[in-house]
Enquirer: 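There's a structure below that I have some questions on.
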2 protein chains.
Amino acid sequence: MRKTVRELQKEQTKELLLQTAYEVFSKKGIMNTRVSDIAQAAGVSHGTIFVHFSSLEAMIEEVVALYGQKIAMRTHALAQSSGSLSDLLRAHLCGIMEFEPFYTHLVIENRLLPPGARDSWISIQSAVSFHFSLVYEREFGHNDRPGIPLHMLFNMWMGLVHYYLQNGDLFAPEGNVIGRYQDILIDSYLKLLKGGMTEK
Amino acid sequence: MRKTVRELQKEQTKELLLQTAYEVFSKKGIMNTRVSDIAQAAGVSHGTIFVHFSSLEAMIEEVVALYGQKIAMRTHALAQSSGSLSDLLRAHLCGIMEFEPFYTHLVIENRLLPPGARDSWISIQSAVSFHFSLVYEREFGHNDRPGIPLHMLFNMWMGLVHYYLQNGDLFAPEGNVIGRYQDILIDSYLKLLKGGMTEK
DNA sequence: TCATATAATGACTATATAGTCAGTGACCTA
DNA sequence: TAGGTCACTGACTATATAGTCATTATATGA
């Protein structure tokens with residue numbers, strides 16, 4: 001059955017709301033955004049939001065799910081062409097950089113978001129973890145760092161990156177934390193990792 | 001001039017409010033706590049809070065300043081007796097562990113707190129940074145890790161620890177993240193650090 | 001063409017909660 | 001001991017804001 005104009009416009013409006021919410025969240029933070037902020041930015045009335053979402057929480061969950069998936073997909077795509085761990089880390093940071101303001105608010109607020117949003121957040125991490133393990137074992141095997149579990153190496157990388165994003169107001173008040181620090185982050189991490197380690 | 005009973009009781013009440021707020025914050029999180037939660041837990045009326053604090057924000061700032069200082073002092077004390085970096089990291093984690101629920105909420109919420117509270121949070125980090133640099137240079141000098149700035153090594157440690165605390169709901173749902181992971185955290189970090197590095 | 005369905009509207013309601021203030025009784029001091 | 005002071009009370013106010021719903025205007029399709 002063909003789509004009527006109405007159905008099409010409804011979809012467009014919802015699309016508009018999701019994207020507008022993403023932009024407002026990126027700028028103001030998620031928990032600091034009011035329904036009216038989004039309505040106003042999208043140029044629709046307050047009530048329209050609730051035509052498309054059952055509640056603000058539901059809307060947050062949907063926005064985070066949608067853009068979380070975009071982030072994961074993009075990271076996935078960039079990671080495909082990574083031969084080395086160095087490439088992968090750079091791909092990871094590139095993926096983040098494309099969504100940096102929003103991603104940063106997820107880093108800052110993820111524990112305070114509705115449950116579904118936190119789940120989406122965690123699946124982004126999982127996607128990265130998958131590629132990290134893959135590339136790491138291809139490059140080094142898994143016995144080169146006896147006593148340090150692979151997941152710990154992954155957690156160190158994530159911890160480092162998120163630490164910089166979470167404290168972005170100190171590290172790069174203009175906002176481009178990744179652009180400014182990606183080289184030193186990757187370089188330092190790899191030097192530490194490879195200290196005394198032989199490649200496969 | 002001697003203190004009157006009144007003055008004394010006023011001080012006691014304020015003390016009680018600060019400590020009660022600390023406890024409620026530790027349990028419920030800071031931004032999720034209402035004035036009435038604290039009043040009820042302390043067994044005073046709602047209005048009493050505002051006899052002692054000009055606003056909820058001011059109260060939060062004062063609580064975080066007070067307990068932030070306690071944490072810093074305690075860490076300082078524990079770090080004094082640290083001969084090696086290993087000792088220092090353990091001291092650091094011990095210091096955190098004594099305040100773990102509250103400290104965890106600072107990790108999770110610090111970017112959303114009133115400005116003064118964030119300042120207090122940052123000074124805790126500074127205190128740790130100071131000891132870290134001191135012990136590190138004593139143990140290794142500062143040329144053993146060419147190409148990795150000392151502050152980056154510090155940020156990696158902090159990033160790792162905070163990553164575990166921030167995701168404590170995944171790592172240790174019962175809450176004792178540090179107790180459960182301190183050995184592996186210290187061990188992994190030091191192994192990574194010392195890979196191929198000679199001591200001074 | 002017209003009766004119906006529905007996306008959008010925005011005024012309205014319900015609720016949560018920070019902060020105020022007049023009142024009270026215990027303490028203070030002269 | 002008497003009048004004043006002040007910590008404390010809790011009902012009250014002000015405000016912000018999520019969510020509702022009757023109404024409107026437009027598209028649908030018989």
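Residue numbering restarts at 1 for every chain, and letters A, B, ... go by the order of the sequence lines. Side chains are part of it too, since the values below use all heavy atoms of this structure and drop only hydrogens, waters and symmetry mates.
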Enquirer: Base, sugar-phosphate, or nothing: which does B:S54 touch, judged by heavy atoms less than 4.0 Å apart?
Expert: nothing
Enquirer: Name all residues meeting the salt bridge (Lys or Arg N to Asp or Glu O under 4.0 Å) criterion together with A:D37; count only those two or more places apart in sequence or in a different chain, and write none if there are none.
Expert: A:K28
Enquirer: List every contact pair, protein side and nucleotides 25-27 of chain C side both N or O, where the distance is under 3.5 Å.
Expert:
unit_1 : atom_1 : unit_2 : atom_2 : d
C:dA26 : N3     : B:R6   : NH2    : 3.2
C:dC27 : O2     : B:R6   : NH2    : 3.1

Enquirer: Just how far, in rounded Å, is C1' of D:dC8 from CD of B:Q12?
Expert: 15 Å
Enquirer: Take atom CD of A:E7 and atom C1' of C:dA5, then tell me their distance rounded to the nearest Å.
Expert: 12 Å
Enquirer: Can you measure A:L17 atom CG to C:dA8 atom C1' for me and round it to whole angstrom units?
Expert: 11 Å
Enquirer: Distance alone, cut at 3.5 Å: any donor-acceptor contact between the side chains of B:H131 and B:Y136?
Expert: no
Enquirer: Assess, by modelled atom type and distance only, whether the side chains of B:E15 and B:Q19 contain a donor and an acceptor separated by less than 3.5 Å.
Expert: no
Enquirer: Send over the distance from A:L56 CG to C:dT15 P, rounded to a whole Å.
Expert: 18 Å
Enquirer: What is the separation between atom CZ on B:F53 and atom P on D:dC8, rounded to the nearest whole Å?
Expert: 11 Å
Enquirer: Under 6.0 Å between ring centres, would you say that holds for A:W157 and A:H151?
Expert: no
Enquirer: Using whole Å, report how far NZ of A:K10 lies from P of D:dT28.
Expert: 14 Å
Enquirer: Check the hydrophobic clustering (I, L, V, M, F, W, Y; side-chain heavy atoms under 4.5 Å; chains of links allowed) and say if A:Y22 and A:M31 are grouped together.
Expert: yes
Enquirer: Would B:S129 and B:S126 count as having a side-chain donor-acceptor pair, cut-off 3.5 Å?
Expert: no
Enquirer: Whole Å only: how far is the CD atom of A:E57 from the C1' atom of D:dT17?
Expert: 15 Å
Enquirer: Is it true that A:E109 and A:H105 share a donor-acceptor pair across their side chains at a distance under 3.5 Å?
Expert: yes
Enquirer: Nearest 0.5 Å, what's the CD1-OG1 distance between B:I178 and B:T104?
Expert: 7.0 Å
Enquirer: For A:G83 and A:V135, which heavy atoms make the closest approach, and how far apart are they?
Expert: O-CG1, 4.0 Å
Enquirer: Counting only heavy atoms and a strict 4.0 angstrom limit, can you tell me which residues of residues 18-51 of chain B come near DNA chain D?
Expert: B:V44, B:S45, B:G47, B:T48, B:V51
Enquirer: Are any of A:T13's side-chain N or O atoms less than 4.0 Å away from OP1 or OP2 of C:dA7?
Expert: no
